[in-house]
Protein chains: 2
Amino acid sequence: MAEHLLRCDSCSVRHRAVCGALARDEVARLSAIAHHKLLPPGQVILHDNAEMHYFANIVSGVVKLTKTLADGRQQIVGLQFASDFLGRPFRANSPYHAETVTDVHLCTYDKGQFERLVKEIDGFEHRLFQNTLDELDSAREWMLLLGRKSAGEKVASFLLMVARRMESIGCKVSDDPERPRFNLPLSRAEIADFLGLTIETVSRQISRMKVDKIIALEGTRTISILDMRRLMAAMEQERD
Amino acid sequence: MAEHLLRCDSCSVRHRAVCGALARDEVARLSAIAHHKLLPPGQVILHDNAEMHYFANIVSGVVKLTKTLADGRQQIVGLQFASDFLGRPFRANSPYHAETVTDVHLCTYDKGQFERLVKEIDGFEHRLFQNTLDELDSAREWMLLLGRKSAGEKVASFLLMVARRMESIGCKVSDDPERPRFNLPLSRAEIADFLGLTIETVSRQISRMKVDKIIALEGTRTISILDMRRLMAAMEQERD
DNA sequence: CAAGGCATTTGAGCCGGATCAAGGTGAATA
DNA sequence: TATTCACCTTGATCCGGCTCAAATGCCTTG
């Protein structure tokens, strides 16, 4: 398997960012049990329902969680970026398939050691809990999108979500907050699986936005948002 | 407002079922701070983003969580049955609209008192956390349904989900495990909002299943599953 | 630079589910 | 019993997004 195992000895700063809100000595305790892995794109991290023997923080890169029907139809049910957790505390297995989308830098912990730390460090489980509530909120927002939005609204919502996410982890290419520019981490096929559409429909919607001068493309992955106002209007807002 | 407030003095048994896995004295502490409310169908429990000043367990009945777009398109993003929790621990507000679907018997707790108890009772927060992980799992299963299943598969999945849920809370009408019979808690319009379909499509799919002798209807709300095997086949299974 | 291979775009036609429009049904009220 | 009203069913038509097919663009390798 093409993955490197590195001892994690001096990445406190990184852990600080990743785990957030932990005291300095607690971060040190996490670092002590951490290993680092560098994974290429398309690497399976977790097969459906397989036992997960470790936890991880994403240090950089993007991971997708997918579910698949017997005949192959697939839906992405979660996208994890830098600083997100992978794995389910105190659960043996996970009903998803997890796979790297880009190069991914993981900081992993042995499951048993991690769970012991969670119990020992006051407020750590509370923090993981709040994290999970956030994931639940975004899953439900996604349900609204999947069930009720048109193709154009879906793609607009997706672009804005990625823009916001890339911004928050400092991966945007340009600096102008009114005209964000960034690399799409997903292929058209992955965007389709994310939005419950086909590749062709995604492509057509993106082309139309290009014609309408709402966005601009360089190559196929680098997107500039030219008109934030119209892009947000295309998304269709949630009621207050 | 047509709701009754009752002092909750001797409902330990019910709490035991509802909160699960709590010791007898801990259940007693919960009972001490609980009040009961009886709500009719169609009662709003929580407006979008409004502050929630209490927690609750559902003792009986069904509650729906919805999200709505500016133009009125609506999606049900959660269905809560007896023994489910309502409210978000340690969060001021909730980005959903919550509303009773049937007559609902709630057992409510003042937010502050409840959160104090959660901190004091060892393992209580852990339990709530595990609960939330389960909700996240079912939200993601629902994303697969919304994004990738056909109308027929959606309706079949829905009927099976309700059958399972009614069974587990002891609300089924018949006893034959091979031929469950139960009352649908949702109207056609609500089923449509649940599945990301229109009323008409839901109605047509149900009619077709009736013609195909997969189910039988008495009136409009009471359903018997005649052929469990074919209903499960119609659902399209998830890949292992 | 050419050749190959994959991802993306674009086009044509079709179909599943939405929309629009009547009817039907059943419980509540008079 | 008749009336009403909300909910549900059924039919006819339409259209957004899917399917199938081909062309184009882009990166990799020789």
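Letters go in sequence order (proteins before strands), and every chain restarts at 1.
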> With distance as the sole criterion, is a donor-acceptor pair present between the side chains of A:Glu99 and A:His97 under 3.5 Å?
Replying inline: yes
> Closer to the 5' end of DNA chain C via nearest nucleotide, is it B:Val202 or A:Ala189?
Replying inline: A:Ala189
> Mapping B:Gly219 and B:Ala151 to their closest nucleotides on DNA chain C, which lands nearer the 5' end?
Replying inline: B:Ala151
Kindly say if [X] contacts the phosphate of [N], meaning a side-chain N or O under 4.0 Å from OP1 or OP2.
X: B:Arg188; N: D:dT9; answer: yes
X: B:Ser203; N: D:dT9; answer: yes
X: B:Ser207; N: D:dT10; answer: yes
X: B:Ser187; N: D:dC7; answer: no

Nearest whole Å is fine: how far is [N] [atom2] from [X] [atom1]?
X: B:Leu146; N: C:dG17; atom1: CG; atom2: C1'; answer: 15 Å
X: A:Ile206; N: C:dT10; atom1: CD1; atom2: P; answer: 11 Å
X: B:Asp71; N: C:dA18; atom1: CG; atom2: P; answer: 15 Å
X: B:Arg148; N: C:dG16; atom1: CZ; atom2: P; answer: 17 Å
X: B:Ile199; N: D:dT10; atom1: CD1; atom2: C1'; answer: 14 Å
X: A:Ile215; N: C:dT8; atom1: CD1; atom2: P; answer: 14 Å
X: B:Ile191; N: D:dC7; atom1: CD1; atom2: P; answer: 13 Å
X: B:Leu195; N: C:dG17; atom1: CG; atom2: P; answer: 12 Å

>> Less than 4.0 angstrom from a charged side-chain N to a carboxylate O is my criterion; do B:Glu238 and B:Arg148 meet it?
In response: no
> Is the shortest distance from a Lys or Arg side-chain nitrogen in A:Asp137 or B:Lys67 to a carboxylate oxygen in the other one below 4.0 Å?
Replying inline: no
Indicate, with a heavy-atom threshold strictly under 4.0 Å, whether [X] touches base, sugar-phosphate, or nothing.
X: B:Thr198; result: base
X: A:Leu197; result: sugar-phosphate
X: B:Gly152; result: nothing

> Nearest to the side chain of A:Thr220 - C:dT8, C:dG17, D:dC8?
Replying inline: C:dT8
>> What's the closest nucleotide to the side chain of B:Ser150 if the choices are D:dG17, C:dT10, C:dG17?
In response: C:dG17
>> Just so I know, are the side chains of A:Val63 and A:Ile45 near enough to count as touching, which here means a heavy-atom distance under 4.5 Å?
In response: yes
> Would you call A:Arg230 and A:Asp212 a side-chain contact if the rule is heavy atoms closer than 4.5 Å?
Replying inline: yes
> Taking five pairs at each end, how big is the angle between the two axes of the helix from C:dC1-D:dG30 to C:dA30-D:dT1, to 10°?
Replying inline: 30°
>> Looking at A:Thr132 and B:Leu133, would you say the former's side chain and the latter's main chain have a donor-acceptor pair under 3.5 Å?
In response: no
>> Can a donor-acceptor pair be found, under 3.5 Å and without considering hydrogens, that links the side chain of B:Trp142 to the backbone of B:Gly78?
In response: no
> Does any N or O donor sit under 3.5 Å from an N or O acceptor when you compare the side chain of B:Arg204 with the base of C:dG16?
Replying inline: no
>> Tell me whether the side-chain N or O atoms of B:Glu190 pair up with the base of D:dC7 as donor and acceptor below 3.5 Å, since no angle test is needed here.
In response: no
>> Measuring from atom CD of B:Gln205 to atom CD of B:Glu153, what distance do you get when rounded to the nearest 0.5 angstrom?
In response: 10.0 Å
